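Comments concern the structure below.
Only a predicted model underlies this, so the values are computations on that prediction, with no experimental measurement involved.
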Amino acid sequence: MFKLVSKFEPTGDQPEAIKKLAKGLKTGQKRQVLLGVTGSGKTFTMAKVIEQYKKPTLIISHNKTLAAQLYKEFKEFFPNNAVHYFVSYYDYYQPEAYIPHSDTYIEKDSKINEELDRLRHATTQALMSHDDIIVVASVSCIYNLGNPDEYKDLGLELFEGKKIKPSDFIRGLMRLQYIQDIELKRGAFRKTPTEIEIVSPAGQEVTKVVFKNDTIVRMYRALLADPEELETKYLNYEKIVHTIIFPAKYWITTDNKVGLAIENIKSELQQHVKYLKKIGKNQEASRLQEKTMRDIEMMRQTGYCHGIENYSRHLDFRKPGEPAFSLLDFFKSKGEFLTIIDESHITLPQLRSMYKGDHSRKQTLIDYGFRLPSAIDNRPLKFDEFEKRVQKVVYVSATPSKFEMDEAGPDNIAEQLIRPTGLLDPTVEIVPTKNQVEHLIGRIKERIAKNERVIVTTLTKRMAEDLSEHLARNGIKVNYLHSEIKTLDRVKIIKDLRSGIHNVIVGVNLLREGLDLPEVSLIAILDADKEGFLRNATTLIQTMGRAARHKDGHVIMYADKVTKSMEASIGETQRRRVKQTAHNLKHGITPISIARSTGGFEMATGKKPEQHYGEGDSEIIYYGNGTKQKAIKQLQRMLDTAIRKFNYEQAIGIKEQIRKLRDSL
């Protein structure tokens with residue numbers, strides 16, 4: 001079913017971990033832990049376990065960047081199987097909200113990333129048609145996605161010889177939210193007098209249907225590696241005799257069910273409007289009546305409306321309080337499946353927290369007449385609901401929490417402390433904070449001279465930006481990562497670090513778990529002695545682990561005192577080094593850095609490799625995520641710095657660059 005393709009064989013303590021986990025799954029163990037240090041080959045172990053267990057697999061990661069990296073690795077391990085990527089499709093998302101004390105209503109505002117939306121549809125369609133499927137997902141997998149049975153049953157089944165008028169077929173496509181267009185684009189169809197071409201919502205399949213005398217006489221399919229081939233390549237059609245056209249959007253239902261759902265929505269509306277008026281909220285009652293009736297009319301005409309997910313309880317005919325359908329239900333429809341929770345010490349707290357934040361915001365909208373009470377059931381799963389839906393689970397972490405260890409029990413923990421390459425945990429030194437930036441620049445330049453890369457972690461986004469600017473002014477090719485950078489741009493920035501387009505990345509809390517960066521030999525941790533979430537023992541161990549894929553891995557902690565967290569993390573690192581060194585001596589192993597190609601795989605970002613704004617000393621270079629407005633803001637900060645230092649000549653030059661950029665907007 002699954003065929004792993006790799007030039008590597010399990011080594012070190014991988015064989016024992018694979019054997020233990022696979023045996024546990026086959027003998028019915030519900031919860032297991034893979035406790036593996038950074039660089040010990042946990043992903044390879046996971047892949048071998050999937051190959052041996054032979055069940056559909058969901059891998060959950062706590063952020064999109066790490067999910068994208070896992071997706072890349074599993075695509076390489078399983079090139080002949082269905083490997084998919086499922087994360088939130090928003091580049092920007094402002095949820096609908098109401099702030100009572102200022103009487104401020106914030107309408108839902110979002111920007112959907114077309115590529116991520118395409119990949120989500122590719123995932124759900126593959127779950128309908130493949131058993132050999134691996135899905136790498138973020139916590140988006142516990143959010144409302146619509147009924148998988150409806151999604152499958154609403155698909156238009158087509159076969160050669162089927163009696164159907166082209167006009168009826170087109171109406172069917174429009175009910176599934178396909179749009180008619182003169183160009184071929186995903187989720188759209190194009191028609192001629194005798195042919196209709198349909199592009200799947202995943203954008204990787206085009207179906208051509210040929211009609212004669214209100215009958216389908218021939219069908220063809222063209223498969224695409226990339227949706228952009230719709231515009232750039234001649235479609236290579238092959239004859240088929242049967243296919244299913246799946247919906248172009250989620251939360252689609254049949255006409256007769258829409259009618260019944262609308263009646264139920266109207267009944268709830270009448271009752272809640274009556275209640276609001278009874279407690280003196282006449283304005284809220286009027287607002288709710290107007291908003292809901294507008295949505296109902298849109299659903300009646302098109303079967304869809306903006307924010308239709310808020311009516312999903314009625315469309316799915318669920319009971320009050322009953323959880324919404326999610327990606328887990330699509331997996332459940334496959335029968336038995338495996339769930340792997342990567343970096344579980346971070347991912348599980350995320351899964352627990354999603355429901356409470358969503359519930360609080362929705363309740364306020366309901367109280368003030370912006371939504372019906374049933375909207376509260378358009379929500380992520382509660383943690384206990386998630387626990388009931390997953391079946392067999394493997395928690396994967398270098399620092400699993402007490403919850404995972406207790407859930408698995410001492411007999412179901414597989415350890416991986418030895419790296420196949422013989423690499424040791426990094427060496428650690430503590431450096432006083434006085435003149436720390438100058439010291440850091442010197443160390444960075446030493447690493448650059450050896451063609452190695454550096455990661456610097458700060459406590460705040462502003463510190464990351466300021467340090468990045470300072471490093472750039474000192475001739476260092478640098479970029480920074482923070483939460484506002486788009487998902488696919490983050491992937492590109494990390495790839496550019498590995499390929500040498502820049503040599504240093506400065507970040508806050510995005511550079512801890514799971515990032516596979518074998519070129520990184522130095523980790524610098526600023527303010528290491530500031531106790532807190534970003535500098536506790538678990539975080540420090542994870543951050544230090546980013547340098548464990550290089551034979552000269554080293555960590556500098558800039559601090560003026562040694563905290564308990566620093567002491568614990570350094571102690572654990574040294575304990576591991578002793579074990580790893582003993583293993584290497586026993587087996588005659590010489591540590592070598594991990595070698596991993598940066599090419600052969602792309603996730604399109606739709607951005608140019610780099611963008612230059614300004615000239616000379618005040619030139620700003622952005623890699624993948626720059627705009628002129630951002631360049632102006634960065635130049636403005638550089639201008640303020642120049643003025644504070646009485647460097648008026650430089651300030652005049654920067655001011656001129658700002659003027660030129662503003663004139664070009």
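Evaluation of the side chain to side chain contact (heavy atoms under 4.5 Å, CB included) rule for R287 yields Q283, E284, Y368, F370 as partners, not counting sequence neighbours. Taking A324 as the reference, N144, R318 meet the side chain to side chain contact (heavy atoms under 4.5 Å, CB included) condition, with sequence neighbours excluded. Partners of R218 under the side chain to side chain contact (heavy atoms under 4.5 Å, CB included) rule, at least two apart in sequence or in another chain, are V210, Y220, K239. With sequence neighbours left out, the side chain to side chain contact (heavy atoms under 4.5 Å, CB included) criterion links K356 to no other residue.
Among residues at least two apart or in separate chains, salt bridge (charged side-chain N to carboxylate O under 4.0 Å, His left out) pairs with a member in residues 196-207 are R190-E197, E205-R221. Listed by first and then second residue, the salt bridge (charged side-chain N to carboxylate O under 4.0 Å, His left out) pairs involving residues 132-156 are E150-K257 (not counting sequence neighbours).
Between Y355 and H359, the ring planes lie tilted relative to each other; the angle falls in the 30° to 60° range.
Side chains of Y53 and K392: a donor-acceptor N/O pair is present below 3.5 angstrom, by distance only. In summary, the side chains of T124 and Y151 do present a donor paired with an acceptor at a separation below 3.5 Å, with no hydrogens or angles considered. Side-chain atoms of R371 and T292 form no donor-acceptor pair, as typed in the model, at a separation below 3.5 Å.
Within the model, atoms CZ of R31 and CD of Q391 stand 9.5 Å from one another, a figure rounded to the nearest 0.5 Å.
The main-chain N or O of D342 is found under 3.5 Å from a side-chain atom of T347 such that the two form a donor-acceptor pair.
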